Amino acid sequence: MSDTASERPALGCLDPEIVASLGSMELRARAVVEGFLLGLHRSPWTGFSAEFSEYRQYMPGDDPSTLDWKVYGRSDRFYVKRFEEETNVDCRILLDVSASMSYGSGAISKLQYGSYLAAALAWLMNRQHDAVGLLTFDEWVVGNVPVSARPGHLRRILVALEQIEVGRRSNVSQALDALAAAMRRRGIVALISDLLDDPEAVVAGLKHVKFRGSEVIVFHVLDPAELQFPFERATRFQDLETGREVTTVAGEIREGYVREMERMTARYARELRLAGIEYCRVQTVQPLDGALREYLATRSRR
Amino acid sequence: MSFLFPAFLFAGFAVAVPILLHFFARDRAPRLRFSDVRFLERAFVRRDRRRRLRELLLLALRVAALLLLAVAFARPFLEAEGGARRVTVVALDRSLSLSAPGQMALARERALEVVAATPPGESIAVVAFDEAAEVVGGPAVDRSRVRAAIERVAPTAGATRYAAGLAAAAELLDGRGGRIVVVTDLQAAGWPEGARTAVPEHVDVEIVGVPPVERNLAVTAARPDPNGLVAVILNTGPGASETETTLTLDGREVARRPATLQPGATEVRWDLPLDAAEVAAVGVSDADGYRWDDVRYALLGPANTTVVHVVADSGTLDAEAFYLAQALGAAPAARPFEVRPVTPAALSAPPASDRPAGDVVVVVGTGGLGRPARARIAAFVEAGGGLLLVTGPDVDPPLVRDLLGESFELAVEAPEEISPLAAARRLAVVDPRHPVFRPFGDSAGMLGQVRFTRTARVSLPEPGAAPAGAGGRPHVLARFDDGDPALIEYRPGSGRALVFASDLGMDWNDLPRHPGFVPFVQETVRYLAGPGGLPRDAPLADLPAGVPRVPGVITLPASGRRVAVNADPRESEPRPLTPDGFLARVGVAPVAPGGTPAVDGATREAEQSLWWYAVLAVVVVLVGEAWLGRTMA
């Protein structure tokens with residue numbers, strides 16, 4: 001488990017509030033990804049691919065396997081070949097749109113943050129020539145953009161993200177089970193959710209997807225108020241999904257609440273790590289680059 | 001438990017305020033839409049269970065504070081029958097009859113046994129009595145203090161007066177339930193003829209007897225006669241007693257001889273010239289009897305005379321002061337009066353001395369009584385003299401204002417004439433125990449037969465008015481039947497003054513014709529004379545305050561007169577009563593309607609002051625509430 005904001009200083013263009021102020025989802029996705037790429041030291045796109053990109057003189061530290069021995073034979077100099085990666089990975093983004101995701105103590109809600117993150121991931125995947133799909137769900141699957149790498153498909157995803165509506169109660173495991181049953185090819189599954197569901201069922205659903213051969217990365221989106229519970233006075237808390245009310249003196253129960261919350265996130269982190277699933281806890285005030293970095297790390301393992 | 005102001009208990013309904021706030025104020029908490037309340041509920045269940053307990057405790061403290069405050073304002077007190085502490089009063093006889101060897105020690109032992117048998121936690125008080133009573137200890141729960149008080153009680157030469165001891169003990173109980181344990185030798189003389197007393201209904205009287213002595217020898221009288229001196233010696237034993245008698249003149253023993261005393265009184269005579277001796281003392285040897293009655297003292301010179309100045313307009317005793325002078329002239333030779341007439345004008349003349357030379361001034365006329373004379377009379381009374389102001393027809397009301405000095409407001413209005421057709425006024429004695437009415441005993445009401453046709457109206461200060469001087473307020477001894485004061489006592493300075501709101505002649509009433517007139521006038525003047533009115537042979541009870549109450553010849557500090565002081569001869573007779581005979585003299589005091597104790601709730605509440613504890617509890621509860629509220633904030 002890691003809160004990615006603490007690992008790298010935020011870039012202004014990745015700040016969620018600045019991202020939210022941009023006009024369209026496409027602009028947001030582009031700004032996030034381009035800003036993120038600017039912060040990287042080398043191109044993420046070079047890698048294992050069949051399409052040749054360029055020659056470069058060998059530098060100490062380069063992988064010797066990339067040496068072009070034919071060029072060496074002709075010129076008696078060491079050159080390494082660089083290839084532009086071609087994708088054959090299906091990437092599926094699962095976005096939780098249940099009512100609990102609509103909570104936000106600050107400028108943006110968890111659902112907004114999740115949609116920006118999904119857009120950025122989709123843009124990044126598209127730049128990587130991966131096939132991208134989007135599945136939105138609450139207790140049922142409420143929207144599905146199939147996986148595709150065709151030109152123009154990214155716009156379809158971004159439009160879908162722009163039009164999402166807040167749903168009802170969440171049932172993550174049910175969506176995961178539905179996804180696992182529908183998957184034909186292995187790939188990467190990115191789940192964006194607050195995971196306010198039965199942890200045991202959620203972990204079981206994620207394991208199911210993992211069992212089908214896909215890499216799974218979970219973006220656990222939480223509002224800072226959900227973690228720190230900064231309330232003090234007597235308050236009637238109304239559940240966004242069930243409508244149930246609890247009246248209590250917030251300051252009195254803060255300690256117990258935070259302990260319960262930490263226990264839940266720790267449980268997700270522990271059990272998902274044991275299952276070989278990447279777990280990334282993000283707060284809605286954190287820049288989006290950390291989440292993208294987690295994705296790339298996962299992607300590099302494919 | 002009862003309450004002095006129970007209406008304040010309705011303020012206890014104010015407890016509804018914190019209760020309503022407690023249960024309904026939480027609904028006013030703002031609503032906040034939150035992602036998931038599951039964790040809130042889990043934390044809430046654990047934390048809020050503890051908090052709910054604290055809140056309930058907080059509510060209980062607030063309710064308790066309000067209730068305690070209401071109780072404090074309602075002024076609670078405990079009823080005597082219920083929670084009030086029961087008190088035992090040990091009335092210990094210390095009269096002359098306990099002065100025989102071993103008698104007082106035995107009485108103290110009996111009293112200590114009473115203390116030992118009293119349940120722990122019950123208060124005990126000790127009253128020592130002879131002819132007067134004195135609280136010598138308690139009420140206290142501490143037994144050591146009570147025992148020490150008992151050990152300090154010593155016999156005196158005083159006579160026994162059970163009524164005094166019982167009255168003091170009942171007063172000490174002050175309306176509480178309890179018992180009076182009288183430790184006494186049950187001497188019958190302690191109840192004078194016809195004497196009775198009463199105690200409150202809820203007070204028990206018990207008797208712890210001390211065996212009387214078998215025989216007592218006492219000199220009960222000693223007087224000079226033409227041939228020498230005669231004494232009467234009493235033998236209370238069943239048989240003759242061999243003893244020895246002595247005669248001492250001016251401190252020198254002049255005769256000692258053996259005597260055989262038969263049971264009863266024996267007259268012993270000494271035929272010898274007394275010459276110029278002033279003090280004689282007759283003694284009898286009595287090692288086993290009472291201590292203080294073995295010697296009797298007698299003054300051999302002329303009798304003490306009480307000098308009375310009568311201020312009358314006529315300057316003679318044959319006109320307006322005729323009946324007064326006649327009454328004083330009828331006094332016995334042992335206690336004579338010397339009546340001196342004086343005119344107001346003579347009194348107003350430049351004085352040879354600052355005050356009249358005498359014991360009592362009686363004013364029956366004020367014609368020509370100038371301001372200097374009035375000031376002289378006022379100074380005379382201030383210095384310890386007596387004044388009888390008779391507001392009859394010859395007294396000018398505006399002039400009497402100055403007679404008592406500036407400390408007292410004395411306003412006498414013009415005499416009020418009663419129509420011949422209307423019924424005459426009668427006299428009602430208000431304070432029959434006053435020495436003025438002592439000769440009448442229980443028959444003080446006989447003065448009510450006197451008919452008053454005219455009276456003066458004496459205005460007394462209102463009850464709420466400022467105090468009337470160091471001597472306190474005027475004390476009304478008798479009233480007319482329409483409520484107007486008839487005989488009022490003032491105590492200006494060291495002296496005594498009485499104002500009689502009518503006449504002592506026959507003009508305004510028929511008092512001089514009444515059989516009570518002579519004793520009334522004599523006792524009134526003697527009372528006003530104070531120590532100057534004492535006879536040569538005075539009983540202990542009549543000694544003024546500050547004079548040692550032991551037999552002997554003493555010189556009175558005020559007048560310089562010598563007085564032979566002896567024990568009451570009735571006290572020398574040890575004949576006892578039975579306990580039932582004693583208790584037959586003790587009645588039950590009337591109680592308030594409904595059988596409630598004579599002491600009212602206000603007195604009991606003031607004594608217990610339980611409201612202080614309630615206020616203290618309120619403070620403690622509020623401190624606890626503040627602390628608990630702070631921890632929950």
Side-chain angles (χ1 to χ4, degrees), chain A residues 96 98-105 109-111 114 166 169-170 193-199 220-227 229-265 267 284, chain B residues 13-67 618 620-633:
Chain A
D96 184 354
S98 63
S100 65
M101 287 289 286
S102 67
Y103 177 72
S105 63
S109 67
K110 291 189 288 183
L111 186 56
V166 177
R169 304 181 64 164
S170 66
S193 169
D194 56 10
L195 300 182
L196 294 177
D197 200 350
D198 178 17
H220 192 178
V221 181
L222 292 170
D223 189 277
E226 290 177 316
L227 288 170
F229 203 67
F231 313 109
E232 290 291 343
R233 297 181 172 279
T235 308
R236 281 187 297 154
F237 292 94
Q238 186 182 38
D239 194 305
L240 285 167
E241 293 191 359
T242 64
R244 197 162 68 248
E245 285 190 357
V246 173
T247 303
T248 184
V249 178
E252 275 291 302
I253 65 164
R254 180 187 302 116
E255 188 182 341
Y257 170 87
V258 170
R259 190 166 54 243
E260 288 290 329
M261 201 67 182
E262 292 291 346
R263 185 177 296 165
M264 183 197 73
T265 57
R267 178 181 178 183
T284 55
Chain B
F13 287 116
V15 299
V17 175
I19 291 175
L20 291 175
L21 287 175
H22 179 81
F23 287 109
F24 295 106
R26 65 179 60 194
D27 283 344
R28 292 205 297 272
R31 187 163 64 180
L32 178 68
R33 294 166 69 81
F34 198 63
S35 53
D36 196 334
V37 299
R38 279 180 301 172
F39 301 128
L40 296 179
E41 284 177 327
R42 289 178 198 166
F44 180 78
V45 168
R46 283 199 301 275
R47 299 280 304 186
D48 209 58
R49 189 173 297 159
R50 192 165 36 174
R51 180 182 178 84
R52 190 177 295 273
L53 284 174
R54 285 185 177 182
E55 284 180 348
L56 286 175
L57 184 57
L58 201 61
L59 175 65
L61 289 175
R62 288 169 180 166
V63 167
L66 283 172
L67 288 177
V618 168
V620 171
V621 166
L622 288 180
V623 168
E625 192 268 350
W627 175 82
L628 193 60
R630 190 180 175 84
T631 61
M632 293 179 66

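If you're wondering where the values come from, they're calculated on a predicted model, not measured in any experiment. Just so it is clear: chains get the letters A, B, ... in the order the sequence lines come, proteins before strands, and each one is counted from 1.
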So, the part of A:Glu245 with a heavy atom under 4.5 Å from chain B: the answer is side chain

CZ of B:Arg38 to OG1 of A:Thr242, rounded to nearest 0.5 Å, is 10.0 Å

Between the CG atom in B:Asp36 and the CG atom in A:Asp197, the distance rounded to the nearest 0.5 Å is 9.0 Å

**Asked** Could you go step by step and tell me if A:Leu196 and B:Ser35 meet the side chain to side chain contact (heavy atoms under 4.5 Å, CB included) rule?
**Response** CA-CA 8 Å; A:Leu196 294 177; B:Ser35 53; 3.8 Å; yes

Honestly, the part of A:Met264 sitting under 4.5 Å from a heavy atom of chain B is side chain

Distance col, row B:Phe34:CZ vs A:Phe231:CZ, nearest 0.5 angstrom, shows 5.5 Å

